[in-house]
Peer 1: 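Could you have a look at this structure, given as structure tokens, before my questions?
Numbers here are sequence positions counted from 1. Computed from a predicted model, the values in this text were never measured in an experiment. Read the numbers this way: they start at 1 and go in the same order the structure lists the ligands and their atoms.
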Amino acid sequence: MKRNSGPVMAQAPPNIALLKYWGKRDSALNLPVADSLAVCLDDFHTTAKMQRADAPADSFVWNGQEMGPPYRSRFQRMVRFARERSARDEVIQAEIKSTLPPRIGLAGSAAAMSAFALALSEFFDMGLHSRELSALARMGSGSAARSIPDGFTWWHRGHLTDGTDSFAETILSHDAWPELRILLIILDTEGKRVSSTDGMVRVAQTSPHFEAWTHQCNFLAPIMLEAIQAQDFEKLSSLAQSNAQTMHALCMTAQPPIVYVSSATLRVLEHLEELRRAHPLFYTLDAGPNPIVFTLDGSLSTIESSLAASFPRASVQACRPGPGARIVKGNGAIK
Ligand code: DP6
């Protein structure tokens, strides 16, 4: 059997949820209570390099720092799965480099965990197909399941207890909607105070609205799927923005309440509502203060200039839908 002896490298993009994942039916495997939909970005990739180490223990270095808990145990969980599946036991050295700061609510961990999952599968010659890879990435971070396949994705919540039916797949390829533009508005790069993992647990345990939220997401998934596949911007706008607003409102109904937005976020959202009167635009927010705007190419430059004039300290980065995770060839140097 062929064995990878040298280093392997994989790259994966962040993905932005249009229908949010917020709630787990199994915390160890990151199995969600509801389906979710997202799109991969064509920029801000994370690279993971993996090689054999002559050392007593695995090492996981992310952005130059050896990982401690909670991330270390997530990487270890995936490695255990790879060892069992491949019946191999090499000690590994993994180096991960992200271009977006982690924990700012902009899918940094999704990109890292999916790049790591693909590198792992290549290193251990696991021969996984896309659905299995997506499920492996999910063990690292739920949303990472959606950074494996190309473009717009649907992550099925699945029903099995082992999680094998909880994976993401492409519903529209990244180049099928060429007018779509995605703007990351980075207001704050400080890490969030409550992690997504903890936030989901607190909401599930204390919010009286959690069950209604879950039902609503599962009801909306096929409707949003249709809007994406029909490239119906208007319909997607109202569905996606309202879903993000609902998720943040839900977080505020937890005890104690979780507030991810800041006063700067609220000022930007007001400004976006003004711009929305004249331009095709909607926004979403992950578990952090940094809004993400979806628009069409004809309105991009007006929106960018307007944001630059009103929020000179914000960094605004324009992206398009992008492909999923891939193996990268090279001489082993991580850029
Ligand atoms: C708000 O995937 O980071 O971005 O599975 O606990 O690692 P864990 O959570 P994570 O949660 C992402 C939450 C979100 C919404 C989304 O991406 O769907």
Peer 1: Any chance you could lay out the salt bridge (charged side-chain N to carboxylate O under 4.0 Å, His left out) test for R85 and E132, step after step, and finish with the verdict?
Peer 2: CA-CA 12 Å; R85 173 93 182 219; E132 291 172 305; 3.1 Å; yes
Peer 1: Examine the proximity of ligand 1 to S143 and report which part, side chain or backbone, both or neither, has a heavy atom under 4.0 Å away.
Peer 2: both
Peer 1: Within the 4.0 Å heavy-atom shell around A17, which atoms of ligand 1 are there?
Peer 2: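 Going through ligand 1 atom by atom, the ones under 4.0 Å from A17 are 16 (C), 17 (O), 18 (O).
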Peer 1: Indicate the atoms forming the closest heavy-atom contact of W62 with S109, along with that distance.
Peer 2: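 In this case the closest contact between W62 and S109 is CH2-CA, 4.0 Å.
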Peer 1: Short N/O distance, under 3.5 Å, between N15 and ligand 1?
Peer 2: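 No; the residue has no nitrogen or oxygen that sits under 3.5 Å from a nitrogen or oxygen of the ligand.
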Peer 1: Do any nitrogen or oxygen atoms of K20 lie less than 3.5 angstrom from nitrogen or oxygen atoms of ligand 1?
Peer 2: no
Peer 1: Below 4.0 angstrom from a heavy atom of A287, which ligand 1 atoms are there? Numbered from 1 as shown, please.
Peer 2: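 Selected atoms, number and element: 1 (C).
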Peer 1: Identify the two heavy atoms, one from A12 and one from A325, that lie closest to each other, and give their separation to 0.1 Å.
Peer 2: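 A12 and A325 have their closest heavy atoms at CB-CB, 3.8 Å.
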Peer 1: Indicate yes or no: does an N/O atom of R74 lie under 3.5 Å from an N/O atom of ligand 1?
Peer 2: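 So ligand 1 has an N or O lying under 3.5 Å from an N or O of R74.
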Peer 1: I need the contact type for T197 against ligand 1. Using non-hydrogen atoms and a strict under-4.0 Å cut-off, is it side chain, backbone, both or neither?
Peer 2: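 Both of them.
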Peer 1: Within a 6.0 Å radius of atom CD on Q65, are there more than 12 heavy atoms belonging to other residues, nucleotides or ligands?
Peer 2: no
Peer 1: Quick check: does W22 get an N/O under 3.5 Å from an N/O on ligand 1?
Peer 2: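 In fact, backbone or side chain, W22 has no N or O that close.
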Peer 1: Below 4.0 Å from ligand 1: does a non-hydrogen atom of R138 turn up there or not?
Peer 2: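 False for this residue.
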Peer 1: Which of the numbered atoms in ligand 1 are under 4.0 angstrom from any heavy atom belonging to N30?
Peer 2: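 Going through ligand 1 atom by atom, the ones under 4.0 Å from N30 are 5 (O).
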Peer 1: With atoms numbered from 1 as shown, which atoms in ligand 1 lie under 4.0 angstrom from a non-hydrogen atom of K24?
Peer 2: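 Listed by number with element, the hits are 5 (O), 6 (O), 8 (P).
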Peer 1: Are L275 and L266 connected in the hydrophobic side-chain network, where two residues link if heavy atoms are under 4.5 Å apart?
Peer 2: yes
Peer 1: Does the residue A110 have a heavy-atom contact with ligand 1, meaning some pair of atoms that are separated by less than 4.0 Å?
Peer 2: no
Peer 1: List the steps, then state whether ring pair (Phe, Tyr, Trp, His ring centres under 6.0 Å) holds for F60 with Y71.
Peer 2: CA-CA 9 Å; F60 309 98; Y71 283 110; over 10 Å; no
Peer 1: Take atom CZ of R202 as the centre, draw a 6.0 Å sphere, and report whether it contains more than 12 heavy atoms from other residues, nucleotides or ligands.
Peer 2: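 Yes, enclosed.
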Peer 1: Please determine whether the number of non-hydrogen atoms from other residues, nucleotides or ligands lying under 6.0 Å from atom CD of E211 exceeds 12.
Peer 2: no
Peer 1: Do F123 and V61 share a hydrophobic cluster, counting only Ile, Leu, Val, Met, Phe, Trp and Tyr and linking them when any side-chain heavy atoms are less than 4.5 Å apart?
Peer 2: no
Peer 1: Check whether any N or O atom of M247, backbone or side chain, sits under 3.5 Å from an N or O atom of ligand 1, and answer yes or no.
Peer 2: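 No; every N/O pair is 3.5 Å or more apart.
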